[in-house]
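Since the structure comes first, as structure tokens, the remarks are kept for the end.
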Amino acid sequence: MSEFYEMLKEAIVGAEPYRPDPGGAALEASVKKFEARLRTVRFMAIFAVTFGSVASIAGVVLFLGTDDMASTRELLLCAGLVWFGSSIVGFAKMWYAHMLNHLSLMKELKTVQLRILERG
């Protein structure tokens, strides 16, 4: 075994190998749980982006539908709706990218831990 492998093993499982009672089955279940969480995060992001897009499109349609004598309040309401929807879309995409990165990293760490447990 390489020195890097030993350092990685010690960093993840400690100097004394940690053997959970259920063993590899618990780690495999944990990896599957991360896949389920990824699906949930994906659904939530799709819902938020759809909601934000609908709000933005509604604001644009309302803005284009105003007459020439529309009040400033109406125009600001339409612009605010577009801004609100665009903000939701932007924040939802940033949140999705962050969660995707976080959950993928956690899943990879669990997979490495499972492989180390199987080798050791």
Side-chain angles (χ1 to χ4, degrees):
M1 286 184 235
S2 69
E3 184 178 332
F4 177 73
Y5 175 77
E6 289 298 324
M7 287 173 46
L8 186 62
K9 181 178 177 181
E10 187 173 326
I12 292 176
V13 297
E16 192 71 28
Y18 173 69
R19 303 263 184 218
D21 292 333
L27 288 174
E28 289 176 13
S30 177
V31 169
K32 290 184 195 286
K33 185 174 74 171
F34 281 114
E35 292 171 359
R37 288 177 67 187
L38 278 171
R39 280 192 302 272
T40 303
V41 165
R42 191 175 301 121
F43 174 75
M44 291 171 63
I46 288 171
F47 178 76
V49 169
T50 303
F51 178 75
S53 297
V54 167
S56 293
I57 291 170
V60 169
V61 168
L62 286 174
F63 182 78
L64 294 176
T66 58
D67 57 349
D68 292 339
M69 299 304 290
S71 68
T72 307
R73 177 175 282 177
E74 287 179 75
L75 296 175
L76 283 175
L77 177 68
C78 295
L81 191 57
V82 171
W83 176 78
F84 176 71
S86 300
S87 298
I88 288 176
V89 169
F91 283 126
K93 287 182 177 183
M94 285 190 301
W95 175 78
Y96 177 67
H98 170 72
M99 289 302 292
L100 185 66
N101 187 23
H102 171 73
L103 290 175
S104 297
L105 180 64
M106 295 302 292
K107 181 180 170 185
E108 284 297 319
L109 284 174
K110 288 293 182 181
T111 304
V112 168
Q113 187 179 9
L114 179 63
R115 289 185 182 151
I116 288 174
L117 184 64
E118 288 172 352
R119 281 182 120 187

Task: Qualifying residues under salt bridge (Lys or Arg N to Asp or Glu O under 4.0 Å), relative to E35, sequence neighbours excluded - done: K107
Open item on the list: Let me confirm one number: the CE-CE distance from M99 to M106, rounded to the nearest 0.5 Å.
Closed with: 10.5 Å
Open item on the list: Show every side-chain hydrogen bond (donor to acceptor under 3.5 Å, both in side chains) that has at least one partner inside residues 87-103, sequence neighbours left out.
Closed with: none
- [ ] Any chance you could pull the hydrophobic cluster mates of L77, using side-chain heavy atoms under 4.5 angstrom and chaining through other members?
- [x] none
TODO: Check which hydrophobic residues are tied to V61 through side-chain heavy-atom contacts below 4.5 Å, counting indirect links as well, and list them.
DONE: I57
Open item on the list: Please give the remaining members of the hydrophobic cluster of F91, linking ILVMFWY side chains under 4.5 Å, ordered by chain and number.
Closed with: M94
Open item on the list: Rounded to the nearest 0.5 Å, what separates atom NZ in K33 from atom CG in L103?
Closed with: 10.5 Å
TODO: Can you sort out the partners of S53 under side-chain contact (heavy atoms from CB on, under 4.5 Å), two or more places apart, ordered by chain and number?
DONE: V49, V89
Task: Nearest heavy-atom neighbours spanning T66 and C78 - done: CG2-SG, 4.4 Å
- [ ] Any pair with a residue in residues 43-60 that passes salt bridge (Lys or Arg N to Asp or Glu O under 4.0 Å), sequence neighbours left out, goes on the list, sorted by first then second residue, please.
- [x] none
Task: Pair listing, salt bridge (Lys or Arg N to Asp or Glu O under 4.0 Å) test, anchored in residues 58-69, at least two apart - done: none
- [ ] Please list, chain by chain and in numerical order, all residues satisfying side-chain contact (heavy atoms from CB on, under 4.5 Å) with T72, sequence neighbours excluded.
- [x] L76
Task: ILVMFWY clustering at 4.5 Å (side-chain atoms), partners of V60 - done: F63, L64, L75, V82
Task: Qualifying residues under side-chain contact (heavy atoms from CB on, under 4.5 Å), relative to I46, sequence neighbours excluded - done: R42, T50
Open item on the list: Please report the interatomic distance OG(S56) to CZ(F84), rounded to the nearest 0.5 Å.
Closed with: 9.5 Å
